[in-house]
Amino acid sequence: ELEALFSVSTTLRTVRSTDEMLPVVLKEMRRVLDADAGAIVLLDTDQSHFTIMLSDGLLAANTGLRFPSSEGLSGKVFRTHQPCVVEDISQAPDRLPGVIGEETLGPEAIVPLQSETEMLGVLIAERKKGAPRFSPEDIRLLSVLGEMTGNTLRRTRLYDQALNRQEIPTPLAQLRHLPRYLKAVT
């Protein structure tokens with residue numbers, strides 16, 4: 001467990017963008033939990049809807065799916081900020097309708113994806129029908145991964161915002177430094 005967290009932590013420290021981060025998180029999550037599918041589901045800025053930003057394995061066809069943040073087990077995790085575990089997602093009464101590939105899935109674990117200051121979405125791990133359910137240790141590991149990912153996601157968003165706010169110097173603005181450059185040369 002510690003080795004897995006160390007590996008993920010080391011990797012997350014090096015990513016600079018959300019697009020770079022998401023595949024790394026899913027790959028590591030599936031590896032350490034022996035999951036057959038995974039998804040990173042993020043809240044829109046107004047927190048009224050979720051979007052599956054990236055899904056893989058048996059859920060790969062669902063990337064881009066958008067749904068109200070009040071629906072499904074993801075909505076339950078959003079409201080409670082607590083993990084949710086089911087033995088068979090196809091039998092869960094509050095599952096999200098219309099998920100492609102759901103009929104092949106069994107055990108599901110969903111944890112909050114949150115930073116130290118805000119809820120950003122959920123992290124989902126799934127196994128095939130008939131596979132062992134997720135253990136309390138698996139849920140603890142997934143929860144820590146959700147928190148690490150949430151903090152990294154927040155950091156990458158802040159980094160992106162900072163880059164977007166930087167002004168691109170205009171030629172006239174650069175001329176104000178000309179006297180200093182000329183003095184250095186002479």
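Numbers here simply count residues along the sequence, with the first being 1.
Relative ring orientation between F78 and F50 is described as perpendicular, the plane-to-plane angle rising above 60° on a 0-90° scale split at 30° and 60°.
A single hydrophobic cluster is seen to contain both V144 and V85, as judged by linkage of ILVMFWY side chains at heavy-atom distances under 4.5 Å, directly or through other members. With hydrophobic clusters built from ILVMFWY side chains whose heavy atoms lie under 4.5 angstrom apart, L153 does not share a cluster with M119. V122 and L33 are not part of a single hydrophobic cluster, where members link through side-chain heavy atoms under 4.5 Å apart. Note on M148: it clusters hydrophobically with L22, by side-chain heavy-atom contacts below 4.5 Å among ILVMFWY residues. The cluster map of Ile, Leu, Val, Met, Phe, Trp and Tyr, joined by side-chain heavy atoms under 4.5 Å apart, puts F67 and V99 in the same cluster.
A salt bridge links R66 with D44: the distance from a Lys NZ or Arg NE/NH1/NH2 to an Asp or Glu carboxylate oxygen falls below 4.0 Å. Ion pairing of R140 with E137 is absent here, as no side-chain N (NZ or NE/NH1/NH2) approaches a carboxylate O to less than 4.0 Å. The pair E108-R95 does not meet the salt-bridge criterion, since no charged nitrogen lies less than 4.0 angstrom from a carboxylate oxygen.
Summarising the geometry of I139 relative to A109, their closest heavy-atom pair is CD1-CB, 3.5 Å, with the distance given to 0.1 Å. Shortest non-hydrogen contact noted between S55 and A60 is OG-O, 3.4 Å. Of all the heavy atoms in A37 and M29, the pair that sits closest is O-CE, 4.2 Å. Nearest heavy atom pair, residue E126 against residue L59, reads OE2-CD1, 3.4 Å. Residues C84 and L73 come closest through the heavy atom pair SG-CD2, 3.8 Å. Here the closest heavy-atom approach between residue Q47 and residue S69 is recorded as O-OG, 2.7 Å.
Annotation: side chain of R127 is in contact with side chain of F134 (closest heavy-atom distance under 4.5 Å). In this structure the side chain of L123 reaches within 4.5 angstrom of the side chain of L145, judged on heavy atoms. Side-chain contact between V77 and V111: absent, with no pair of heavy atoms (C-beta onward) separated by less than 4.5 Å. Within the 4.5 Å cutoff, no side-chain heavy atoms of L42 are placed close to those of I52. Here the side chains of T63 and M53 are not in contact, with every heavy-atom distance at 4.5 Å or above. Counting heavy atoms from C-beta on, the side chains of D138 and S135 come closer than 4.5 Å. Between K128 and L105, every side-chain heavy-atom pair lies at or beyond the 4.5 Å cut-off. Between P107 and V86, the closest side-chain pair of non-hydrogen atoms is not below 4.5 Å.
The number of heavy atoms from other shown groups lying within 6.0 Å of NZ (K129) is above 12.
Residues forming a salt bridge (charged side-chain N to carboxylate O under 4.0 Å, His left out) with D19 (at least two apart in sequence, or on another chain): none.
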Run the numbers on L65 and T51 for side-chain contact (heavy atoms from CB on, under 4.5 Å), then give the verdict.
-> CA-CA 6 Å; L65 180 68; T51 301; over 6 Å; no
Given the rule in the side-chain contact (heavy atoms from CB on, under 4.5 Å) test, do Q114 and R154 qualify, once you have shown the distances and angles that lead to the verdict?
-> CA-CA 9 Å; Q114 57 192 16; R154 183 169 184 275; over 6 Å; no
Applying side-chain contact (heavy atoms from CB on, under 4.5 Å), run through S74 and L96 and close with a yes or a no.
-> CA-CA 8 Å; S74 297; L96 186 67; over 6 Å; no
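For the atom pair E116 CD and N151 CG, the distance stands at 4.5 Å (nearest 0.5 Å). Of the inter-residue distances, the one linking R30 atom CZ with D36 atom CG reads 6.5 Å to the nearest 0.5 angstrom. One finds the CG atom of N62 at 11.0 Å from the CG atom of D56 (value rounded to the nearest 0.5 Å). The line from CD of E147 to CG of L120 is 11.0 Å long, rounded to the nearest 0.5 Å.
Of the possible polar contacts, one joining the T104 side chain to the G101 backbone as a donor-acceptor pair under 3.5 Å is found.
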